[in-house]
Structure formats: C-alpha cells, structure tokens
Amino acid sequence: MNIITLWPDFLKSIIETITMVGISSLIGLAIGLVIGVTLVVTKPGAIMENPWLYFVIDKVTNFFRSIPFIILLALLIPLTRLIVGSAIGVKGAIVPLTFSVIPFYARQVESVLESLNKGVVEAAISLGFTNFQIIRVYLGESLPGIILATTITIISLIGLSTMAGAVGAGGIGDFTIRYGYQRSLEDVTIVCVLFLVVFISLIQKIGDLLAKRASKT
Amino acid sequence: MLEIRSLSKSFGGKTALENIDIEFVTGRIYGVVGYSGAGKSTLVRCLNLLEKPDTGQVIYNGENIVNFDNARLQSVRRDMAMIFQHFNLFNAKTVYQNVETAMANTTRDKQATKAKVLELLEQVGMLEYQDQYPSRLSGGQKQRVAIARALATNPKILLCDEATSALDPKSTHEILDLLKRLNVELGLTIIVITHEMNVVKEICQQIIFLEKGKVVVQGGLVDLLNNPKTRSFINSDSNLEKFDQIKDQLGLFSDDLVYEFTFKDKAVNAPYINTLIRDYDLDITILLGDIKLFNGVPFGGLIVKVAGTNQNIEAGLAYLESQGIHSERKVLT
C-alpha cells in the first residue's frame, strides 16, 4: 500500500488544507457577513438606504463572483505579494481563497436575510429600534439560514483549496494530483476521496445540527 | 395630540391617499375603515412613518415628525406602538424575550425590566407562556404577546393594522376586549384599521371611513349610518343584506311595495308596526329583520311588504319619519 509509505505526507497535506481553509474562512466569512448585511440594509427602500454604496458593493461583489478561482489565483498575485509578502505556498493561497469566499458568502448571507419576513423588520422599526438593533433582529431571526450558508461556504472553500496546489500551497488536492494521478497510485486517490467524503459529510452534519438547534420553529 | 394635515401619498403614480386631514384625540378608540384598497393601511403606516408621505404633515405633540432624523423618529415610534395582522413576533426569541428586547431602549435596569415584562405578560394573560417560542402559540396568543411587546415602551398610542383579521371570532372578541381594557386602564389612544364591521361595532368610538384614498365620513357610528355612501358598509354583516339574494324566491310581484325601516336606540322596542296596522289600516308582512349593537347602542332593521291605500301608506310613512324611523323603498327588479 503506497498510502502507508506516504502517510506523513498525507497527514501534512490534510493539515495544509485545514490551515488554508481555516484562515481564509475566518477572515472571509467575517468580511462576507459584513458585506452581505451591508447589501441588505443599504438596498433601495431598506433601513439604511444608500444607493451609491449599494451600487459599488453590488458591482464589486459581482466582479469577484464572476472570476473562476484558478484565474483569480493568477490575477491576485501582485496583491497577494503585497499583503502576505509571498504569492506561493499556503500563505500565497490564503489571499485568493479569502477573496473568492467573500463574495460567495456575502451573496449567501444576502439571500438568507432577504428571505426574512419583512413584517418582522417592520415590527422592529415600529418598536423604535435603532439600526444596529434592527441588524441584530435580522441576524438573530436568520441564524439557522446563516449557519447553513456558512456550512455550504466552508465546503465549497475546501473544493477551491484543492486548486491551491497550483501555487505550491500543497493540501489534499495537490497531494492527490501528485501521487494518485501523476504517479498513478490508485490507492492514494481512493483514500483521499474517502477522506474527503467523510470530512465533508462531517462538516455538513455539524452544520445541520447547529442549524436545527438554532431553529425555534 | 396626533394630527394629519393635508397628507397625500402615491405609489408609482397611483394615488393611495389624497389630501387627508384627521385629528386624533387622546384616549379615544378610532376605527379607520373601508373596503380593500381604500388606503387604510397606508394611512396608519404614515402615522409612524413606516411609509413616508409625499406631501402633508403628521403632527405629534405639536411637532411635524415627517422630516425628523432617525434618532428622534425612533423615540416617537416608542410612543406610537403598532400591532400587525400577522403578529410579526421575533420567532427566535421566547415570549419573555420578545417583550424584553422591546424595552432595551427605555430601561437599562435589569430588575425593573424583568418586573415590567412580567407585569405586561400578566396584563395580556400570557404569563404562563413566558418561556415558549412563538411557533408554539395560537394566533390569539401570538397577538397577545405582540400587544405586550408593543406596550413595553409605554406608548401613548397603539396602531392596530388589521390586528384581528387573521383570528377566529372567539380570539377576535378576546383581543378586542383586551384593547378596550387597555384603553380604559392606560388611557391608551387606539387606532384600529379594519374591514370587519363587527370590530368597528365592538370597540370603535370614532370612525374614519376611507374610499379611494379620501375620507368620506368622519364621526360616530350614527354619522356613518346616516350617510348613504357608508350605510351598505355598516350593514355588510346584517341579515337584511340577504334580501337581494333571496328576493326572487319570495314570490313578490314587481309592483309590491317593499320597504326597509331603520330603527335606532329606543325605537327598537316600540310598537310601530302595530300602530301602522291599527291606525293606518295597512297590511304588513315582515320579510326580514335584524337587530345589532353598535358600541352598546341598538340598531334595528326590518324589511316589510306594505299594502293599503296610497293615502294611508303615505301617511304611515310620514308618521314613521316623524318618529325618527327611516324608510326606504326596495327595488324588486
């Protein structure tokens, strides 16, 4: 079994993936959440209506949403160097992964918040809530949906991270391509696939459980 | 205390409200009534500026609040609470937390907040449900919680946007009773929007009847009853409205004289029909009858077939008119 001899490399690749996904989701989800909320509250007719700000954020979000990750990886090289000092390795992958996750998550958050019954928002307004309190109502009432959106985002981020091998960031995707595909070690491919299936199912399961706990209906 | 001056509002070129002037007096219960699309909701939503009027003023405590900044508007809204047809509770919060959250801007003191929340829940009869989530409650219970939440900021005015339209008759009655009680106990001014005549009859002291965005009648129930434009709305739940549906099956001839008599107050139990038969020599056949209470005042109606000489009929009807009983000939074809 080739996978046994490659075991240290396999573990290393998993840690690389977790590092990449972990850091870029921490930053990306936080920024994405803020942008998603901003989109909802600055929309025409919304509580902090601001057509100019909405227009800019909406268009920038669309711009980054339309670039495939592998191209974003190349496009952002100068920026990545500026931010983390290097465009290669795990560090180099984190910047494009973050940039890719922000618009994805922002749109998910936007759509979850938009689906909140407008009457509940009006009730909050009619109670004399401040804008900050109304945003808390938005988030509190939409929590189960936000948890599910977060789960989907993290899973899609794991998918994207497998491409990070292109900038030498390693990770499980890079490991599978190098050994399983290029050296035709089929058992390596199979073990990696099995690992990903279990890993992603686990994340989905945790997300579902948390969402269910947050749901009071 | 609260006044609307020459207020207009349109949506995408379609006029919803046109040049409305209304003054609301403290401590009264107002009914904003009319058919669907008359602009009732828009009117009430303009009061707490959920909708911004195109032109005109909303005067609260002597100030025009239409152009207030956010902070001042928020404090006005805490004075002018609102409840909704679909309750709009915070579903992720318990009954207790729904009321508690509403208090965040008025009280910081934890002990005081808790005491007030419990007092409000007691007042609306929902104390034992304080730890439940709204999804577990019935419509009537949800509206009680919504009322407790609305009262959390000690408002002076309560706006009710079709607050009982989604409830069954029993819950409707209970909610209306609760509103009446709050009106008396807290001196709360209540503005009720409704298309349901039974709501109007049960609690409204003053009525504003809207039609196509304009105020048609403004006054007490009697004023609505005396106005031909609003009579049919008032009678929309009356037994007499059946007449048009069943008249063809009653075996009437097209030259029969059929009248609708309207009795008010004490006239409902005086022997007028008897007088017509005895003193005016008329034959009277009763076809339909109805009696109901408007805010405790009885109103009756009769649809009758009258036969006799023309002279006697004229004299009989004149007699009724002199007694304050309105009669109106029904069209049979």
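Throughout, a chain's letter reflects where its sequence line sits, starting with A, and its residues are numbered from 1. Just the heavy atoms: all of them, side chains too, but no hydrogens, waters or symmetry mates, feed the values below.
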Q: Looking at A:Ile88, I want to see if its CD1 is surrounded by more than 12 non-hydrogen atoms of other residues, nucleotides or ligands under 6.0 Å.
A: no
Q: Within the supplied structure, the quantity of interest is the number of heavy atoms (other residues, nucleotides, ligands) at a distance under 6.0 Å from B:Gln111 CD; does it exceed 12?
A: no
Q: Taking everything shown except A:Phe55 itself, do over 12 heavy atoms lie less than 6.0 Å from its CZ?
A: no
Q: What are the two closest non-hydrogen atoms of B:Ala92 and A:Gly140, and how far apart are they?
A: CB-O, 3.6 Å
Q: Can you tell me how far apart CG (A:Leu143) and CG (B:Asn91) are? Round to the nearest 0.5 Å.
A: 13.0 Å
Q: Taking C-beta and beyond as the side chain, do A:Glu141 and B:Phe90 meet within less than 4.5 Å on heavy atoms?
A: yes
Q: Tell me, side chain or backbone of B:Ala150 under 4.5 Å from chain A's heavy atoms, or both, or neither?
A: backbone
Q: Restricting to non-hydrogen atoms, name the atom on B:Asn88 and the atom on A:Gly119 that form the minimum distance, rounded to 0.1 Å.
A: ND2-O, 3.0 Å
Q: Please report the closest heavy-atom contact between B:Arg78 and A:Gly128, naming both atoms and the distance.
A: NH2-O, 2.7 Å
Q: Check the surroundings of atom NZ in B:Lys180: do more than 12 heavy atoms from other residues, nucleotides or ligands lie under 6.0 Å from it?
A: yes
Q: With a 6.0 Å cut-off (strictly less than), is the heavy-atom count around CZ of B:Arg181, excluding the residue itself, greater than 12?
A: yes
Q: Please walk me through it: do A:Gln133 and B:Thr101 pass side chain to side chain contact (heavy atoms under 4.5 Å, CB included)?
A: CA-CA 9 Å; A:Gln133 287 171 314; B:Thr101 319; over 6 Å; no
Q: With a 4.5 angstrom heavy-atom cut-off, which part of A:Val120 approaches chain B: side chain, backbone, both or neither?
A: both
Q: For A:Thr130, is it the side chain, the backbone, both, or neither that has a heavy atom closer than 4.5 Å to a heavy atom of chain B?
A: both
Q: Within the distance-only criterion (no hydrogens, no angle test), does the side chain of B:Arg77 pair as donor or acceptor with the backbone N or O of A:Ser126 below 3.5 angstrom?
A: no
Q: Could you state the interatomic distance from CG (A:Leu127) to CE (B:Met80), rounded to the nearest 0.5 Å?
A: 13.5 Å
Q: If you round to the nearest 0.5 Å, how far is NZ of A:Lys216 from CZ of B:Arg136?
A: 11.0 Å
Q: With a 4.5 angstrom heavy-atom cut-off, is it the side chain or the backbone of A:Ala124 that approaches chain B, or both, or neither?
A: both
Q: Name the region of B:Leu73, side chain, backbone, both or neither, that has any atom closer than 4.5 Å to a heavy atom of chain A.
A: neither
Q: Begin with the C-alpha distance, continue with both residues' side-chain angles, and end with the deciding distance and a verdict on side chain to side chain contact (heavy atoms under 4.5 Å, CB included) for A:Glu122 and B:Arg45.
A: CA-CA 10 Å; A:Glu122 282 191 343; B:Arg45 293 163 58 86; 2.6 Å; yes
Q: Around A:Lys118, counting heavy atoms of other residues, nucleotides and ligands shown, do more than 12 lie under 6.0 Å from its NZ?
A: yes
Q: Can you tell me if B:Lys110 has over 12 outside heavy atoms packed within less than 6.0 Å of its NZ?
A: no
Q: Is the number of heavy atoms from other residues, nucleotides or ligands within 6.0 Å of CE (B:Met1) greater than 12?
A: yes
